[in-house]
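Taking it in order: structure first as structure tokens, then the write-up.
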2 protein chains.
Amino acid sequence: MRNSGAGRREAILRAAAELFAERGFRGVSIEDLGRAVGTTGPALYRHFPSKEALLAEVLLDISERLLHGGEDRVAAHPDPADALDALLHGHIAFALDEPALITVHDRELGSVPPEPRHRIRRLQRAYVEQWVAVLARLRPGTAEPVLRTALHAVFGLLNSTPHSAGELDRDRMADLLFRMARTALLTAAE
Amino acid sequence: MRNSGAGRREAILRAAAELFAERGFRGVSIEDLGRAVGTTGPALYRHFPSKEALLAEVLLDISERLLHGGEDRVAAHPDPADALDALLHGHIAFALDEPALITVHDRELGSVPPEPRHRIRRLQRAYVEQWVAVLARLRPGTAEPVLRTALHAVFGLLNSTPHSAGELDRDRMADLLFRMARTALLTAAE
DNA sequence: CACTGTTGTTAATGCTCATTAACAATGTGG
DNA sequence: CCACATTGTTAATGAGCATTAACAACAGTG
């Protein structure tokens, strides 16, 4: 084969994230995916057992990267205020650098089959709870349901950036999001 | 007919919004829609020319309600700070009372055929520009691209609430969102 | 060089689904 | 009571698409 190798699998995952973000899981055919990596559709089945399994792998990968990135940052910052800033910077960088991944991540969970869906949800929950723990140390007086709700809202704020066409350059965008998200969170937690 | 009348059309629109929000436009069949209003699938074609036209009507209706609701509120409040608060309260009420509509509104535009899509986009743009105008009066020093970007982010924050399962009751939720969105916006605009 | 695992290709297969056809029931205005 | 417009129903029709089958090209290993 002219062009195979281990990279093919990664290329498929990348292309899938891009296409799923653009048109949605059901709006992309196996044939589309194949064409995007220079093969025909059915060739995909040499790498993934089904289209759904492919989506599951994309989401699993994203969730793991977010969670582990967060863990590293929290571990590196003993002070909760510093940890929060680090979490914000990490999430913002992810959202700005991988807009397709962020988009797929919060739109396509419903198309994943039950078993991997549970694993993905567990990772997402762990990611959120990490933020909750930091906020709880920073603002011990605030009830956890309030923190969780505020966090979901802030993720909505941060994850919306792929859809706002780039009127601002990356650095100004990152700074704006950081300041908005930070004050929104601190306002929520008195 | 045991149960027809003018209400059928509205019932279809309501059911469609609900189902599209839950499973996405492509995840809902004509047969599903029919069943949801107590008929068979093809009966829909007595009320709408196509599935896409049905979606377009849902989105058009939402966009118009948002825009006109906003216009009324802005007109009722000469002071820009009051107008901003009123816009926030209006959008929050809409998001909390009609979570399905808000969800469909910011996920399914891509499935609308070109012609109605343009009309919907125009309405959405007008809605945003209304907020921009209020913010520009309130914070004359801030560049419009910054305002627009901040607004998109705040809409992401507000529209995320359908997905955060109700850990808080409606009033506490509305208050939390209001405070977060308001400070986020005012922070963005210096 | 034969042997085998890997990765592709093209041609079925079969299902789902939007849309249309053909036909029925109801209710309304004449 | 009789057309006729409305709104349904069930049975095609036809497209799209995930998946599988059958077969080919190649790479590395003995």
Side-chain angles (χ1 to χ4, degrees), chain A residues 1-59 104 108-117, chain B residues 1-59 104 108-117:
Chain A
M1 290 298 96
R2 192 180 321 170
N3 171 24
S4 69
R8 183 54 51 91
R9 193 187 159 82
E10 307 304 317
I12 295 171
L13 289 168
R14 251 194 311 280
E18 212 65 50
L19 290 175
F20 292 163
E22 247 171 63
R23 304 185 221 157
F25 180 66
R26 304 192 203 228
V28 177
S29 72
I30 291 286
E31 183 56 34
D32 292 334
L33 288 170
R35 194 177 310 119
V37 296
T39 70
T40 62
L44 284 193
Y45 291 92
R46 298 297 174 191
H47 302 276
F48 301 93
S50 72
K51 195 187 167 195
E52 288 179 342
L54 169 52
L55 175 66
E57 196 137 338
V58 170
L59 288 185
V104 172
E108 303 293 356
L109 185 59
S111 299
V112 175
E115 191 272 321
R117 176 157 68 230
Chain B
M1 290 297 95
R2 192 181 319 169
N3 170 25
S4 69
R8 182 55 50 90
R9 193 189 160 80
E10 307 305 316
I12 294 170
L13 288 168
R14 251 194 310 282
E18 212 66 51
L19 289 175
F20 292 163
E22 248 171 62
R23 306 184 220 155
F25 179 68
R26 301 189 203 230
V28 178
S29 73
I30 291 284
E31 182 57 35
D32 292 333
L33 288 169
R35 194 178 309 120
V37 297
T39 71
T40 61
L44 285 193
Y45 290 92
R46 298 298 174 191
H47 302 277
F48 301 92
S50 70
K51 194 187 169 195
E52 288 179 342
L54 169 52
L55 174 66
E57 196 137 336
V58 170
L59 288 186
V104 172
E108 304 293 356
L109 185 59
S111 298
V112 175
E115 192 272 320
R117 175 156 70 229

message: Heavy atoms from C-beta onward define the side chain here; which of C:dT9, D:dT9, D:dT7 lies closest to that of A:Ala43?
response: C:dT9
- request: Under the salt bridge (charged side-chain N to carboxylate O under 4.0 Å, His left out) rule, collect the residues that match up with B:Glu31, sequence neighbours excluded.
  value: B:Arg35
query: So do the side chains of A:Thr39 and A:Arg8 get within less than 4.5 Å of each other, counting heavy atoms only?
result: yes
- prompt: In Å and rounded to the nearest 0.5 Å, what is the CG to CG distance from B:Leu13 to B:Leu33?
  reply: 10.0 Å
- request: Let me know the distance between CG of A:Leu54 and P of D:dC17, rounded to the nearest Å.
  value: 16 Å
task: Between B:Pro42 and A:Gly41, just flag the one whose closest nucleotide in DNA chain D comes earlier from the 5' side.
output: B:Pro42
task: Output every pair passing salt bridge (charged side-chain N to carboxylate O under 4.0 Å, His left out) with a member in residues 36-50 of chain B, not counting sequence neighbours, ordered by first then second residue.
output: none
- request: Could you list the residues that satisfy side chain to side chain contact (heavy atoms under 4.5 Å, CB included) with A:Arg23, not counting sequence neighbours?
  value: A:Leu19, A:Val28, A:Asp32
- line: Here the distance between atom P of D:dG16 and atom CZ of A:Arg26, to the nearest Å, is 19 Å
- line: The correct set of residues in residues 13-25 of chain A placing a heavy atom under 4.0 Å from DNA chain C is none
statement: Between CZ of A:Phe48 and P of C:dT7 the distance, given in whole Å, is 12 Å
query: What does A:Ser29 touch in the nucleic acid at a heavy-atom separation under 4.0 angstrom: a base, only the sugar-phosphate, or nothing?
result: sugar-phosphate
- request: Using salt bridge (charged side-chain N to carboxylate O under 4.0 Å, His left out) as the criterion, list what pairs up with B:Glu57, not counting sequence neighbours.
  value: B:Arg9
message: Could you tell me how far apart B:Leu33 (CG) and C:dT19 (C1') are, to the nearest whole angstrom?
response: 14 Å
- request: Starting from P on C:dG8, measure out to CZ on A:Arg35 and report it in whole angstrom.
  value: 16 Å
statement: Assign each of A:Thr40 and B:Tyr45 the nucleotide of DNA chain C bearing its closest heavy atom; nearer the 5' end lies the nucleotide of A:Thr40
task: Please report, rounded to the nearest Å, how far the C1' atom of D:dA11 is from the CD1 atom of B:Ile30.
output: 17 Å
message: Please report the distance, rounded to the nearest Å, between CZ in A:Arg46 and P in D:dA21.
response: 11 Å
Considering all heavy atoms, the nearest A:Ser50-A:Ala53 contact: OG-N, 3.0 Å
message: Given C:dA18, D:dT19, D:dC23, identify the nucleotide with an atom nearest to the side chain of A:Lys51.
response: D:dT19
message: So, using side chain to side chain contact (heavy atoms under 4.5 Å, CB included) as the criterion, who are the partners of B:Ile30 when residues are at least two apart?
response: B:Leu44, B:Tyr45, B:Lys51
Nearest-angstrom distance from the residue atom CG of A:Leu44 to P of D:dC17: 14 Å
query: Under the side chain to side chain contact (heavy atoms under 4.5 Å, CB included) test, which residues partner B:Ser111, sequence neighbours left out?
result: B:Phe25, B:Arg26, B:Leu55, B:Glu108
message: If the cut-off is 4.0 Å, is B:His47 near the phosphate of D:dG8, judged by side-chain N/O to OP1 or OP2?
response: yes
List, with names and distances, any nitrogen or oxygen atoms from the protein found under 3.5 Å away from nitrogen or oxygen atoms belonging to nucleotides 12-15 of chain C.
none

